[in-house]
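A short worksheet on the structure shown next.
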Amino acid sequence: MKPKWDNYSTAWEAADVPLHMLNTVIYAVCSVAGVTIASAMTSYVIARIEKGRKIYHYYSLGIMIPINAIIIPFILIFRKIGILNTRIGIILAFIVTNLAFSIFILTPFMESIPKELEEAAKIDGCNRVQIFWKIILPISKSGLATVATFVLINSWNDLFLSLLIISKQSLITLNQVCYNMKAQYVADYGLISAAIIILVLPVIVLFVVFQKQVIKGMTAGSVKG
């Protein structure tokens with residue numbers, strides 16, 4: 001049985017892959033950038049500045065709350081401030097839903113960084129901002145790579161939030177297009193499979209490239225002493 005490569009070219013045209021792939025890339029990249037910066041700053045405050053653990057516990061609670069439980073107020077707030085069915089709306093949704101887990105991952109990592117490095121930087125005249133950007137962030141590359149990879153995968157593969165927040169054809173993701181290919185009574189599964197492979201291939205390549213950083217970041221900070 002010979003593979004039908006025509007399905008890929010047909011799916012490319014039928015799904016308008018360039019447009020919807022671009023939408024998916026924009027949403028994923030902006031979400032990764034936003035979550036990485038916000039979680040790194042928050043984790044640094046929790047690990048190095050805050051005396052207690054109240055902020056850490058507050059964000060940890062976000063992991064235990066399913067998105068299904070907050071989706072109605074989520075949509076109502078977005079509609080009220082006018083960002084429903086917009087690019088900024090879906091990007092903000094991805095950032096909010098991935099922030100708690102990212103902080104949960106990064107905080108133990110930053111706590112494992114020796115404090116002597118900060119003390120040496122202070123002696124050299126660095127302030128808090130300079131220490132964060134010049135010392136902490138470069139050392140935290142493995143942890144940041146882990147967070148970025150998980151946020152990228154979550155944003156790239158998301159369907160639930162995208163269906164609820166975006167309905168404009170020009171703004172939907174490639175994942176939504178694959179979902180829309182299946183009708184109620186008729187479905188071309190060869191075409192759908194081709195579109196799905198086009199969708200997941202970039203994520204697989206990125207994960208293979210950065211898998212060492214991801215594994216290192218997941219294990220860093222887990223053992224002290």
Side-chain angles (χ1 to χ4, degrees), residues 3-36 38-39 62-63 65-75 77-79 83-102 145-211 214:
K4 295 183 179 180
W5 301 106
D6 293 341
N7 282 331
Y8 290 97
S9 59
T10 304
W12 186 275
E13 296 176 1
D16 197 3
V17 170
L19 172 62
H20 301 300
M21 179 72 79
L22 178 62
N23 290 336
T24 307
V25 170
I26 291 174
Y27 303 152
V29 171
C30 291
S31 301
V32 168
V35 172
T36 302
S39 62
I63 302 175
I65 301 175
I67 185 62
N68 310 68
I70 61 173
I71 193 61
I72 294 178
F74 211 82
I75 299 300
I77 293 172
F78 275 35
R79 180 179 296 170
I83 60 174
L84 194 65
N85 212 15
T86 62
R87 292 188 189 277
I88 187 64
I90 188 63
I91 292 171
L92 187 59
F94 288 158
I95 291 175
V96 170
T97 53
N98 285 285
L99 191 58
F101 178 76
S102 302
T146 303
V147 167
T149 303
F150 276 100
V151 175
L152 176 65
I153 293 174
N154 291 338
S155 303
W156 193 278
N157 293 335
D158 175 80
L159 180 61
F160 181 67
L161 286 174
S162 302
L163 287 173
L164 293 173
I165 296 175
I166 299 177
S167 59
K168 288 183 181 179
Q169 189 65 26
S170 60
L171 298 180
I172 65 175
T173 64
L174 189 56
N175 209 339
Q176 287 176 266
V177 174
C178 295
Y179 176 79
N180 293 336
M181 281 184 175
K182 185 179 183 301
Q184 183 175 2
Y185 300 106
V186 180
D188 188 339
Y189 289 105
L191 196 65
I192 295 174
S193 299
I196 291 174
I197 291 176
I198 295 173
L199 172 66
V200 302
L201 191 59
V203 178
I204 294 174
V205 173
L206 284 174
F207 183 79
V208 170
V209 172
F210 293 105
Q211 61 177 329
V214 173

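This structure is a prediction, so every number in the text was calculated from the model and none was measured.
Of the possible donor and acceptor atoms, one in the side chain of T97 sits under 3.5 Å from a partner among the backbone N and O of F94.
Separation of atoms CD1 (I70) and CD1 (I65) is listed at 6.5 Å; rounding is to 0.5 Å. Rounding to the nearest 0.5 Å gives a distance of 13.0 Å between CD1 of I26 and CD1 of I90. Of the inter-residue distances, the one linking W156 atom CH2 with T173 atom OG1 reads 10.0 Å to the nearest 0.5 angstrom. Residue L152 holds its CG atom at 6.0 Å from CG of L206, rounded to the nearest 0.5 Å.
Two residues are said to be in side-chain contact when any heavy atoms from C-beta on lie closer than 4.5 Å; Y8 and I198 meet this criterion. Taking 4.5 Å as the limit, some side-chain heavy atom of V96 sits within range of a side-chain heavy atom of F74. Side-chain contact between N23 and L174 is absent, with no heavy atoms from C-beta onward closer than 4.5 Å. You'll find the side chain of L84 reaches within 4.5 Å of the side chain of I165, heavy atoms only. Inter-residue side-chain proximity for I71 and F160 is flagged as met; some heavy-atom pair is nearer than 4.5 Å. Taking the side chain as every heavy atom from C-beta outward, S162 and N175 never approach each other to under 4.5 Å.
Of all the heavy atoms in S39 and V147, the pair that sits closest is OG-CG1, 4.2 Å. Between L191 and M181 the shortest heavy-atom distance is O-SD, 4.3 Å. What you find for S167 and N85 is that their closest heavy atoms are N-OD1, 2.7 Å.
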Side-chain donor-acceptor pairs of residues 11-21 under 3.5 Å, sequence neighbours excluded:
| unit_1 | atom_1 | unit_2 | atom_2 | d |
| --- | --- | --- | --- | --- |
| H20 | ND1 | I172 | O | 3.2 |

Ignoring hydrogens and angles, write down the donor-acceptor pairs under 3.5 Å from the side chains of residues 27-35, residues two or more places apart or on other chains.
| unit_1 | atom_1 | unit_2 | atom_2 | d |
| --- | --- | --- | --- | --- |
| Y27 | OH | L171 | O | 2.6 |
| S31 | OG | Y27 | O | 2.6 |

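In the displayed structure, I72 atom CD1 is contacted under 6.0 Å by at most 12 heavy atoms of other residues, nucleotides or ligands.
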